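Chain identifiers are assigned alphabetically (A, B, ...) following the order of the sequence lines, protein sequences preceding nucleic acid strands; residue numbering begins at 1 within each chain. Remember, it's a predicted structure, so these values are computed and weren't measured experimentally.
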Amino acid sequence: MNYWLMKSEPNEFSIDDLAAKDREPWDGVRNYQARNLLRDQMQPGDLGFFYHSNCAVPGIVGILRIVQAGYPDPTAFMPGHAHYDPKSDPDKPRWFMVDVAFVEKFPQVIPLAELKQAAALSDLPLVKKGNRLSVMPVTAQQWALILQLCSKTSS
DNA sequence: GCCAACGTTGGC
DNA sequence: GCCAACGTTGGC
């Protein structure tokens with residue numbers, strides 16, 4: 001059982017969009033480090049924080065669950081699709097995705113600014129300067145601490 | 001294999 | 001909208 005953090009731009013796909021669906025493929029990841037995590041590490045039952053990026057208040061907005069382990073991302077094979085990659089061969093796929101399901105939406109966002117202030121989170125890639133990983137591992141300790149921040153914020 | 005140029009991410 | 005930081009590409 002692993003923990004993750006997954007970024008999405010709410011303009012593109014928000015926690016509310018996920019809440020409205022049974023499950024959803026997490027497609028479009030085009031970064032090798034993130035790809036390796038999707039393909040090799042994520043397992044059904046794993047939990048992840050849903051992070052809103054590139055918006056007014058970037059931060060963690062809820063929790064999702066991995067419901068399907070990594071499999072080839074079909075959008076890479078669709079000419080004209082925004083995530084099309086001619087170099088991904090269906091016989092030897094370059095990009096992978098998982099399926100996720102909604103678990104919960106937090107009463108309030110845990111803002112990035114707040115996460116940055118927590119000394120115990122200094123190793124989390126998210127808060128490191130210049131980090132651009134859109135999918136990253138979260139340790140059990142970091143997970144528990146962030147949940148505490150959540151209950152503090154909402155009380 | 002180096003590295004400059006370029007495109008993208010994403011906070012602010 | 002700006003721009004710092006980073007990953008990728010491609011010439012050599």
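When distances are taken from the side chain of A:Ser53 to each of C:dA5, B:dG10, C:dG7, the shortest belongs to B:dG10. Checking B:dG11, C:dT9, C:dT8 against every side-chain atom of A:Tyr32, the shortest atom distance belongs to C:dT8.
Going from atom CZ of A:Arg30 over to atom P of B:dT8 covers 14 Å, rounded to whole Å. Going from atom CG of A:Asn131 over to atom P of B:dC12 covers 14 Å, rounded to whole Å. Summarising the geometry, the separation between NE2 on A:His52 and P on B:dT9 is reported as 17 Å, rounded to the nearest angstrom. The CG atom of A:Leu133 sits 13 Å away from the C1' atom of C:dA5 (whole-angstrom rounding). Separating the CG atom of A:Asn31 from the C1' atom of C:dT8 is a distance of 11 Å, rounded to the nearest angstrom. Rounded to an integer number of Å, the gap from CG of A:Leu112 to P of B:dG10 is 11 Å. If you measure from atom CE of A:Met6 to atom C1' of B:dT9, you get 17 Å, rounded to the nearest angstrom.
Under a 4.0 Å N-O distance rule, the pair A:Asp16/A:Lys105 qualifies as a salt bridge. Ion pairing of A:Asp73 with A:Arg35 is absent here, as no side-chain N (NZ or NE/NH1/NH2) approaches a carboxylate O to less than 4.0 Å.
Here A:Lys87 lies in heavy-atom contact (under 4.0 Å) with sugar-phosphate atoms only.
Where A:Lys129 and A:Arg94 each meet DNA chain C at their nearest nucleotide, the meeting point lying more 5' is that of A:Lys129.
Taking side-chain N and O atoms only, A:Lys7 has no distance below 4.0 Å to OP1 or OP2 of B:dT9. Taking 4.0 angstrom as the limit, A:Tyr51 places none of its side-chain polar atoms (N or O) nearer than this to OP1 or OP2 of B:dT9.
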